[in-house]
Engineer: 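Please see the structure below; I have some questions.
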Amino acid sequence: MADLRSTFLNVYSVLKAELLHDPAFEFSDDSRQWVDRMLDYNVPGGKLNRGLSVIDSYRLLKEGQELNENEIFLASTLGWCIEWLQAYFLVLDDIMDNSHTRRGQPCWFRVPKVGMIAVNDGVMLRNHIPRILRKHFREKPYYVDLVDLFNEVEFQTASGQMIDLITTLEGEKDLSKYTLSLHRRIVQFKTAYYSFYLPVGCALLMAGESLDKHIDVKNILVEMGTYFQVQDDYLDCFGDPETIGKIGTDIEDFKCSWLVVKALELSNEEQKKVLYENYGKADPANVAKVKALYKELDLQGVFAEYESKSYEKLINSIEAHPSKAVQAVLKSFLAKIYKRQK
């Protein structure tokens with residue numbers, strides 16, 4: 001795995017060098033340096049799960065055949081395209097959410113001299129993806145499907161982000177809108193498609209498969225992505241900030257989190273009143289009251305039960321799939337996220 005990771009990181013250096021010498025633009029030293037620093041700060045810093053899982057998934061789809069160097073390079077390149085997409089979303093998300101830290105360091109727009117240039121940097125990150133795809137996949141029979149997949153998933157993610165943002169509008173804070181079905185829609189579109197379906201979609205296309213024939217795979221991965229985001233919501237409140245690399249602010253930000261949706265479902269009138277009066281306020285005293293209520297309602301226990309039920313349901317769906325190779329891909333995804341702490 002460490003070996004795979006270093007191979008993967010080497011591909012990043014190759015792709016970055018190509019982008020910094022893209023013939024479609026005349027770079028000055030300053031602009032080249034800016035993009036270089038911006039990429040290093042935002043693209044390779046995360047857990048790289050999404051990117052690495054393209055290689056993992058492709059390997060499992062090839063059922064034990066040794067991958068040649070070119071296949072590893074191409075799968076890594078698609079993995080990096082997903083990491084680029086993620087970087088683009090995060091740079092802009094952090095501005096929208098007015099966040100302070102990301103991956104244990106200041107958000108890019110908080111870096112001195114960056115500020116709102118980060119908006120254009122986000123746009124640049126987005127535009128690097130088709131440059132990379134064009135250079136390395138243009139001659140492939142699945143090129144159009146690949147571009148289409150990235151475009152569709154980006155649209156779904158941006159639309160999910162929109163529902164999230166308009167739901168948490170200042171001045172229209174209404175907890176009664178927060179239901180499991182709204183939570184599910186936000187999560188499905190904002191996270192599940194790009195984090196779970198996209199890596200496997202890339203691997204399937206590389207393996208010569210048609211995505212239209214794998215709707216069932218998409219559905220299972222979107223379920224998995226939903227479960228992943230519920231974990232994220234849980235960790236935002238109950239996780240260790242040192243471990244997860246960020247300080248959770250879902251309560252302050254009035255987020256449609258699984259925890260608040262569950263709390264609303266389980267609360268009596270008195271407890272609901274506590275939520276309505278304290279949720280979405282920045283004062284630590286208000287936040288503490290919400291957290292105390294979560295503990296009182298035993299949301300940790302409710303989550304543990306949700307986790308085991310989801311796992312069981314996912315395993316059953318996966319085992320119903322006719323292809324053992326596809327089952328292996330889905331199971332490897334599930335193994336990576338089940339009971340995670342970060």
Side-chain angles (χ1 to χ4, degrees), residues 8-46 48 50-52 54 73-97 99 102-103 107-111 113-140 142-162 165 189-191 193-195 197-199 201-202 205-206:
F8 188 59
L9 286 165
N10 288 339
V11 175
Y12 166 75
S13 304
V14 173
L15 298 175
K16 182 176 78 164
E18 290 171 352
L19 290 164
L20 294 175
H21 296 87
D22 191 321
F25 178 63
E26 292 171 21
F27 281 92
S28 62
D29 288 347
D30 283 350
S31 60
R32 188 176 280 119
Q33 252 173 336
W34 181 277
V35 176
D36 192 340
R37 180 173 83 122
M38 184 271 290
L39 290 175
D40 284 351
Y41 196 93
N42 294 295
V43 178
L48 306 182
R50 294 168 182 81
L52 289 166
V54 178
F73 179 81
L74 290 177
S76 300
T77 298
L78 291 180
W80 279 114
C81 285
I82 301 174
E83 293 294 336
W84 245 268
L85 187 71
Q86 156 94 332
Y88 149 59
F89 290 142
L90 298 186
V91 165
L92 297 182
D93 266 15
D94 285 341
I95 300 171
M96 291 180 243
D97 294 343
S99 301
R102 160 79 60 191
R103 295 167 174 170
C107 301
W108 177 237
F109 81 101
R110 299 263 179 208
V111 171
K113 296 193 184 148
V114 177
M116 285 305 118
I117 299 174
V119 176
N120 191 63
D121 289 334
V123 176
M124 289 286 290
L125 287 162
R126 163 65 183 93
N127 278 283
H128 284 159
I129 298 163
R131 305 305 293 166
I132 296 169
L133 293 177
R134 184 171 182 270
K135 181 161 176 70
H136 296 283
F137 294 92
R138 211 172 152 193
E139 305 306 322
K140 302 286 179 202
Y142 53 85
Y143 176 58
V144 171
D145 292 324
L146 206 48
V147 172
D148 223 17
L149 174 65
F150 272 90
N151 285 339
E152 182 166 296
V153 168
E154 186 197 350
F155 168 66
Q156 288 168 316
T157 309
S159 302
Q161 170 72 348
M162 174 189 62
L165 291 166
F189 290 101
K190 187 182 167 176
T191 303
Y193 283 105
Y194 95 91
S195 300
Y197 174 55
L198 183 55
C202 286
L205 288 175
M206 260 192 79

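Computed from heavy atoms alone, side chains included, the values below leave out hydrogens, waters and symmetry copies. Residue indices begin at 1 and follow the sequence shown.
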Engineer: Can you check whether Ser99's main-chain N or O pairs, donor with acceptor, with Asp97's side chain at less than 3.5 Å?
Structural biologist: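 Not confirmed, Asp97 side chain does not pair with Ser99 backbone.
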
Engineer: With distance as the sole test, does Ser31 use its side chain to make a donor-acceptor pair with the main-chain N or O of Phe27 at under 3.5 Å?
Structural biologist: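 Not a single qualifying donor-acceptor pair exists.
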
Engineer: Please check if the number of heavy atoms outside Glu154 that lie under 6.0 Å from its CD is greater than 12.
Structural biologist: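 Above 12, so yes.
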
Engineer: What's the verdict on side-chain contact (heavy atoms from CB on, under 4.5 Å) for Met124 and Leu19, showing C-alpha distance, side-chain angles and the deciding distance?
Structural biologist: CA-CA 11 Å; Met124 289 286 290; Leu19 290 164; over 6 Å; no

Engineer: Can you name the nearest heavy-atom pair linking Val91 to Ala118, along with the distance?
Structural biologist: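 Distance-wise, the nearest heavy atoms are CG1-O, 3.4 Å.
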
Engineer: Check whether any side-chain heavy atom of Val54 lies under 4.5 Å from a side-chain heavy atom of Ser76, and answer yes or no.
Structural biologist: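 Val54 does not reach Ser76 side chain to side chain.
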
Engineer: Quick one: does Asn127's side chain have a donor or acceptor within less than 3.5 Å of a partner on Val123's backbone?
Structural biologist: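 Checked: pair present.
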
Engineer: Could you report the tightest heavy-atom contact between His128 and Trp84, atom names first, then the distance?
Structural biologist: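 Looking at all heavy atoms of both residues, the closest pair is ND1-NE1, 3.1 Å.
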
Engineer: Can you measure from CE (Met162) to CZ (Phe189) and round to the nearest 0.5 angstrom?
Structural biologist: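 Met162 atom CE to Phe189 atom CZ measures 10.0 Å (nearest 0.5 Å).
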
Engineer: Identify the heavy atoms of Pro44 and Leu9 that sit nearest to each other, and give their distance.
Structural biologist: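 Shortest heavy-atom separation between Pro44 and Leu9 comes out as CB-CD2, 4.4 Å.
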
Engineer: For Tyr12 and Glu83, does a side-chain donor sit closer than 3.5 Å to a side-chain acceptor?
Structural biologist: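 Glu83 and Tyr12 do not have a side-chain donor-acceptor pair below 3.5 Å.
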
Engineer: Pairing donors with acceptors under 3.5 angstrom, does anything connect the side chains of Trp108 and Asp94?
Structural biologist: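 Note: Trp108 and Asp94 side chains miss the donor-acceptor criterion.
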
Engineer: Contact between Trp80 and Val43 at the side-chain level, heavy atoms closer than 4.5 Å - yes or no?
Structural biologist: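 Side-chain contact under 4.5 Å: yes.
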
Engineer: Restricting to ring-ring contact (aromatic ring centres under 6.0 Å, His included), what partner residues turn up for Tyr197, sequence neighbours left out?
Structural biologist: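 With sequence neighbours excluded, Tyr197 shows a ring-ring contact (aromatic ring centres under 6.0 Å, His included) to no residue whatsoever.
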
Engineer: Ignoring hydrogens, what is the shortest heavy-atom contact between Met206 and Tyr142? Give both atom names and the distance.
Structural biologist: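 It is CG-OH, 3.5 Å.
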
Engineer: With side chains defined as the heavy atoms from C-beta onward, is the minimum distance between Ile129 and Leu133 less than 4.5 Å?
Structural biologist: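 Yes; the side chains approach each other to less than 4.5 Å.
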
Engineer: Supply the atom-to-atom distance Leu92 CG to Phe109 CZ, rounded to the nearest 0.5 angstrom.
Structural biologist: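 Taking CG in Leu92 and CZ in Phe109, the distance rounds to 11.0 Å.
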
Engineer: Backbone N or O of Asn42 within a donor-acceptor pair of the Arg103 side chain at under 3.5 Å?
Structural biologist: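 Looks like yes, one N/O pair under 3.5 Å.
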
Engineer: With a 4.5 Å limit on heavy-atom distance, are the side chains of Asp121 and Ile117 in contact?
Structural biologist: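 Yes, side chains in contact.
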
Engineer: Would His136 and Phe73 count as a ring-ring contact (aromatic ring centres under 6.0 Å, His included) if you check the C-alpha gap in whole Å, the side-chain angles of each, and the deciding distance to 0.1 Å?
Structural biologist: CA-CA 10 Å; His136 296 283; Phe73 179 81; 5.2 Å; yes

Engineer: Give, for atom OH of Tyr193 and atom CD of Gln156, the distance between the pair rounded to the nearest 0.5 Å.
Structural biologist: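 That separation rounds to 5.0 Å.
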
Engineer: What pair of heavy atoms forms the shortest contact from Pro199 to Ile82, and how long is it?
Structural biologist: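 For Pro199 versus Ile82, the nearest heavy atoms are CA-CD1, 3.5 Å.
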
Engineer: Using 0.5 Å steps for rounding, measure from the OH atom of Tyr88 to the OG1 atom of Thr157.
Structural biologist: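 With rounding to 0.5 Å, OH (Tyr88) is 9.0 Å from OG1 (Thr157).
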
Engineer: In Å, rounded to the nearest 0.5 Å, how long is the span from CE of Met38 to CG of Asn120?
Structural biologist: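 Separation between the atoms: 8.5 Å.
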
Engineer: To the nearest 0.5 Å, what is the distance between CD1 (Ile132) and OG1 (Thr77)?
Structural biologist: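 Answer for the CD1-OG1 pair, Ile132 versus Thr77, is 7.5 Å.
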
Engineer: Is Leu15 close to Lys135 at the side-chain level, that is, under 4.5 Å between some pair of heavy atoms?
Structural biologist: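 Side chain of Lys135 against side chain of Leu15, heavy atoms only: no contact under 4.5 Å found.
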
Engineer: If you measure from the Lys or Arg side-chain nitrogens to the Asp or Glu carboxylate oxygens, is any gap between Arg131 and Glu18 under 4.0 Å?
Structural biologist: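 Looking at Arg131 and Glu18, the cut-off is not met.
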
Engineer: Compute whether any side-chain donor of one residue and acceptor of the other, for Gln86 and Tyr194, lie under 3.5 angstrom apart.
Structural biologist: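 Their side chains do contain a donor-acceptor pair, which is all the 3.5 Å distance test asks for.
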
Engineer: Taking the side chain as every heavy atom from C-beta outward, state whether Leu78 and Leu74 have any pair of such atoms under 4.5 Å apart.
Structural biologist: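 They are not in side-chain contact.
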
Engineer: How about Leu205 and Leu149: do any of their side-chain heavy atoms sit closer than 4.5 Å?
Structural biologist: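 With C-beta onward as the side chain, the pair touches.
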
Engineer: How about CZ on Phe155, more than 12 heavy atoms from neighbouring residues, nucleotides or ligands closer than 6.0 Å, or not?
Structural biologist: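 Counting other residues, nucleotides and ligands, CZ of Phe155 stays at 12 neighbours or fewer.
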
Engineer: Using side-chain heavy atoms (C-beta onward) and a distance below 4.5 Å, is Lys140 in contact with Phe137?
Structural biologist: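 Lys140 reaches Phe137 side chain to side chain.
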
Engineer: I'd like to know if Lys16 pairs up with Asp40 as an ion pair, taking the criterion as any Lys NZ or Arg NE/NH1/NH2 lying under 4.0 Å from an Asp or Glu carboxylate oxygen.
Structural biologist: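 The answer is yes: the pair qualifies as a salt bridge.
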
Engineer: Residues in ring-ring contact (aromatic ring centres under 6.0 Å, His included) with Phe150, at least two apart?
Structural biologist: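 For Phe150 there are no ring-ring contact (aromatic ring centres under 6.0 Å, His included) partners, ignoring immediate neighbours.
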
